[in-house]
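Any value given below was found using the heavy atoms of this structure, including those in side chains, with hydrogens, waters and symmetry copies removed.
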Amino acid sequence: MAPAVAESLGISAGYTGLYVAIVYLGAMLASLAGGGAVARFGAIRVSQGGLVLCALGLALCALPTAASIAVGAFLIGLGYGPITPASSHLLARGTPAHRLSLVFSIKQTGVPLGGALAGAVVPSLMLALGWQGALLAVAAANLACAVAAQPVRAPLDDDRDPKRSLVIANLAQPVRLVLSHPVLRMLAGCSFVFSITQLSFTSYLVTYLHGTLSYTLVAAGFVLALAQFGGVAGRVLWGWAADRGWGARRTLAGLGLLMGASASATALLQPGWPLGLVVAILVVFGGSAIGWNGVYLAEVARRAPTGQAGLATGGTLAVTFFGVVLGPPVFGALSSFFGSYRAGFAALALATCCCAWVLLRAGGSIVREPV
């Protein structure tokens, strides 16, 4: 949609990166408030509120001004940020410990599947309704989901505390919780690097394949789609593996090593390499760089003090989203400095391998935090 919107507004499509940064800035702030909001209003009500905020943001983005789109992007971020703390709180309550990673991983497949659905549906909506009509249609779908969730609100939000205070000072509470628990602090740090890797991979792969390996844009986009489907499969596979005896820490360490190896191989790709080999490398890269989230979120919920899964998730996600905001610009700047995207992928390989070493080195020191 970005080229059509940019043409309508008479601005560069390069502002898409700024739009994404504004979205995730809002998500960072909202994730900090998510745990407290879930405690007061309940996970379902917070999710409904998030959907309504996203709908309002999309409606504002339909106004043909850069200012309204910027405000709309921020509202979308505010709606997106609390969703994961809310779902983590809900799933942590009712999921057996030995199935936690798999259940969280299945839930996390909604992210890449939602992106794939948008890619499949939104272009057709644009042809039929224009870009503004397409935005309003997606906004209506958000409102419909909010209404559809109402019947389960009462039974699933039965643990809410209406007397829980919501004040600005409490925004720092999730971060304080994470920083006070060594395991949560380590997981948040690794998620910062992993999120940089994920967003840099998905943001720059097409450009790298097109500019460095001389793929057509259509072929490069198809390879990216395959890598994203690898991420969907990876999220379920790694969740299953973590629950089947690998454990979340070893699984995350293995994913760090897999990201490092895949990023190294990606940096070494040559124009003459067989397409099948290139696709295999990038599908593995996608399976690891996009597939880590569910295992990570399950481990955060598992290691959080009892009853504070939503709060801990909000604190760690603030760090994760910071990586999302910071990663692609840093990757692009590093690649520009060295004159090649290969340098960026090499840096990702080094950083993810360091995370794997940290996770493995923690070893037996990872124990249940005292309540």
Side-chain angles (χ1 to χ4, degrees), residues 1-34 37 41 45-86 110-150 166 168 171 199 202-203 206-207 217 221 317-318 321-322 324-329 332:
M1 187 179 287
V5 177
E7 182 180 357
S8 176
L9 269 60
I11 61 176
S12 169
Y15 282 106
T16 303
L18 179 60
Y19 173 88
V20 173
I22 293 172
V23 169
Y24 278 99
L25 177 62
M28 282 176 59
L29 296 174
S31 67
L32 292 174
F41 301 111
R45 180 64 84 221
V46 168
S47 298
Q48 290 174 303
L51 287 163
V52 171
L53 281 172
C54 286
L56 290 174
L58 288 164
L60 276 177
C61 288
L63 299 177
T65 69
S68 64
I69 290 176
V71 175
F74 188 71
L75 286 179
I76 291 171
L78 291 179
Y80 183 72
I83 298 298
T84 300
V111 178
L113 286 175
L117 182 63
V121 173
V122 169
S124 298
L125 288 175
M126 288 178 60
L127 290 175
L129 306 173
W131 66 269
Q132 292 165 298
L135 284 168
L136 294 175
V138 178
N142 276 265
L143 294 177
C145 286
V147 172
Q150 183 59 29
L166 290 176
I168 297 297
L171 288 180
L199 265 292
T202 57
S203 298
V206 169
T207 304
L217 287 174
L317 275 182
F321 288 149
F322 185 54
V324 171
V325 173
L326 187 65

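Rounding to the nearest 0.5 angstrom, the gap separating the CD1 atom in I83 from the CD atom in Q48 is 10.0 Å. In this structure, CD1 in I22 is found 11.0 Å from CG in L75, a value given to the nearest 0.5 Å.
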Run the side-chain contact (heavy atoms from CB on, under 4.5 Å) check on C61 and I76 step by step: do they pass? CA-CA 10 Å; C61 288; I76 291 171; 4.2 Å; yes
Yes or no on side-chain contact (heavy atoms from CB on, under 4.5 Å) for Q132 and M126, after CA distance, side-chain angles and deciding distance? CA-CA 8 Å; Q132 292 165 298; M126 288 178 60; over 6 Å; no
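T84 places none of its side-chain heavy atoms less than 4.5 Å from the side chain of S31. Under the 4.5 Å side-chain criterion, counting only non-hydrogen atoms from C-beta, F74 is not in contact with V23. The closest side-chain heavy-atom distance from V5 to I69 is below 4.5 Å.
Relative ring orientation between Y24 and Y80 is described as perpendicular, the plane-to-plane angle rising above 60° on a 0-90° scale split at 30° and 60°.
The environment of CD in E7 is sparse: at most 12 heavy-atom neighbours from other residues, nucleotides or ligands sit within 6.0 Å.
None of V325, L326, V324 except one satisfies the side-chain contact (heavy atoms from CB on, under 4.5 Å) rule with L199; the exception is V324. Test L58, V52, L56, L51 against L143 for side-chain contact (heavy atoms from CB on, under 4.5 Å) and you get one pass: V52.
Counting all heavy atoms, side chain and backbone alike, S68 lies closest to L63 at OG-O, 3.0 Å. Residues C54 and N142 approach most closely at CB-OD1, 3.6 Å, considering heavy atoms. Scanning all heavy atoms of the two residues, the minimum distance from A86 to S47 falls at CB-OG, 3.7 Å. Among all heavy-atom pairs drawn from A134 and L125, the shortest one is CB-CB, 3.8 Å.
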